[in-house]
Protein chains: 2
Amino acid sequence: MCDQCDYGTLLRSVGLSDTPRRELVLGTIGNHQGVLRPSEILEKVRRRISINRVTLYRILDLLVQKKLVQRLSAGDRTFRYGLAGTSRHPDHAHFHCVHCGLMECLDPASIPLDLRQSQHPQLMKIERMEVRLDGLCQTCRSHPDV
Amino acid sequence: MCDQCDYGTLLRSVGLSDTPRRELVLGTIGNHQGVLRPSEILEKVRRRISINRVTLYRILDLLVQKKLVQRLSAGDRTFRYGLAGTSRHPDHAHFHCVHCGLMECLDPASIPLDLRQSQHPQLMKIERMEVRLDGLCQTCRSHPDV
DNA sequence: GAAGAAATGCAACTCAGTTGCATTTACTTC
DNA sequence: GAAGTAAATGCAACTGAGTTGCATTTCTTC
Ligand SMILES: [Mn+2]
Ligand SMILES: [Mn+2]
Ligand SMILES: [Zn+2]
Ligand SMILES: [Zn+2]
């Protein structure tokens, strides 16, 4: 997503100390195209450093809480994590392949997420919107085995 | 949602026999405003008849598979179930209160879910779209205790 | 009403995530 | 730079929602 980002600085900018594990978790999420499961993040981070499963979950919670990272649901029971929306990286919808579980980002322009919130002069307070398209990815579509 | 529906007929129309448990599960979902967790459905159905937890999950799977019922994710780890969209009951977005877990249906007109699929002449095959707004419901908003 | 099929129940299991507490690492203060 | 404190990490056990395998019950069909 953002190769030139300094993730250490980013961490400190929200009041978190930049430990090796936090920096690697955030970097793994930020440098990946699409969103990731905790198990995938674990695997990637462990190529660089040893990290406990629980530590990863705690770091993910922190990053979400500080709004650096976004927790998304794929319609299954495993959360996905991706960089939170910013002006440079606007919020966007995601596509989820119901066959292989792949979850990828859609072009922010194709489904503008922001304006629609204003169409709801409701009594509740809307904080965020999540849009997910489910279907078959290109691979699973053309390759009906497995 | 649909008080005048005959849920037995609805079950048979998709090739399922209408057993007492299936009819009660479908009726519970269909007559409720908003979407329900399995635990809530279980509680409601058990006021009428005894039913095993596993049986409920199997019935829910069947109803989803036959497209009578829709499985929604609330951003937490528990699925929600509501009637699937039809011409009379069009598909719509849902609001989820991050504080109390309430999940309610939004006016189908406010966020038209259909047309946007056509904006994706992608290589993947889109089967459905899910739109969820997260925030605080009216109660939790005005009542910040608990 | 017997035989076979479908539906339901029950116990054990799985998987993702959480909790409590011990240990290690990073910051302060002297 | 050592001691003391706070924060971060590790480890084991736990939780909650959902699933699986198989036994039992209920519904069909002849
Ligand atoms: Mn994304
Ligand atoms: Mn609904
Ligand atoms: Zn796929
Ligand atoms: Zn609420």
Side chain of N52(B): nearest nucleotide among dA8(D), dG10(D), dC10(C)? dC10(C)
So, does R21(B) use its side chain to make a donor-acceptor pair with the main chain of S50(B) at under 3.5 Å? yes
CZ of R53(A) versus P of dA13(D): gap in Å, rounded? 13 Å
Quick note, Y57(A) side chain, CB onward, closest among dA16(C), dA17(D), dT9(D) is dA16(C)
Return the 5'-most residue of the pair R80(A), L16(B) with respect to DNA chain C, ranking by each residue's nearest nucleotide. L16(B)
Would you classify S17(A) as touching base, sugar-phosphate or nothing, given that sugar-phosphate means primed atoms plus P, OP1 and OP2, and contacts are heavy atoms under 4.0 Å? sugar-phosphate
So which nucleotide from dG17(C), dG18(D), dT8(C) ends up closest to the side chain of P38(A)? dG17(C)
Indicate, with a heavy-atom threshold strictly under 4.0 Å, whether R58(B) touches base, sugar-phosphate, or nothing. base
Can you tell me which nucleotide in dG9(C), dT18(C), dG10(D) comes closest to the side chain of V54(A)? dT18(C)
Counting side-chain heavy atoms from CB outward, which of dA6(C), dG17(C), dA8(D) is closest to F79(A)? dG17(C)
What nucleotide among dC11(D), dA17(D), dT8(C) has an atom nearest to a side-chain atom of T19(B)? dT8(C)
How do S50(B) and R77(B) order along DNA chain C: which one's closest nucleotide is nearer the 5' end? S50(B)
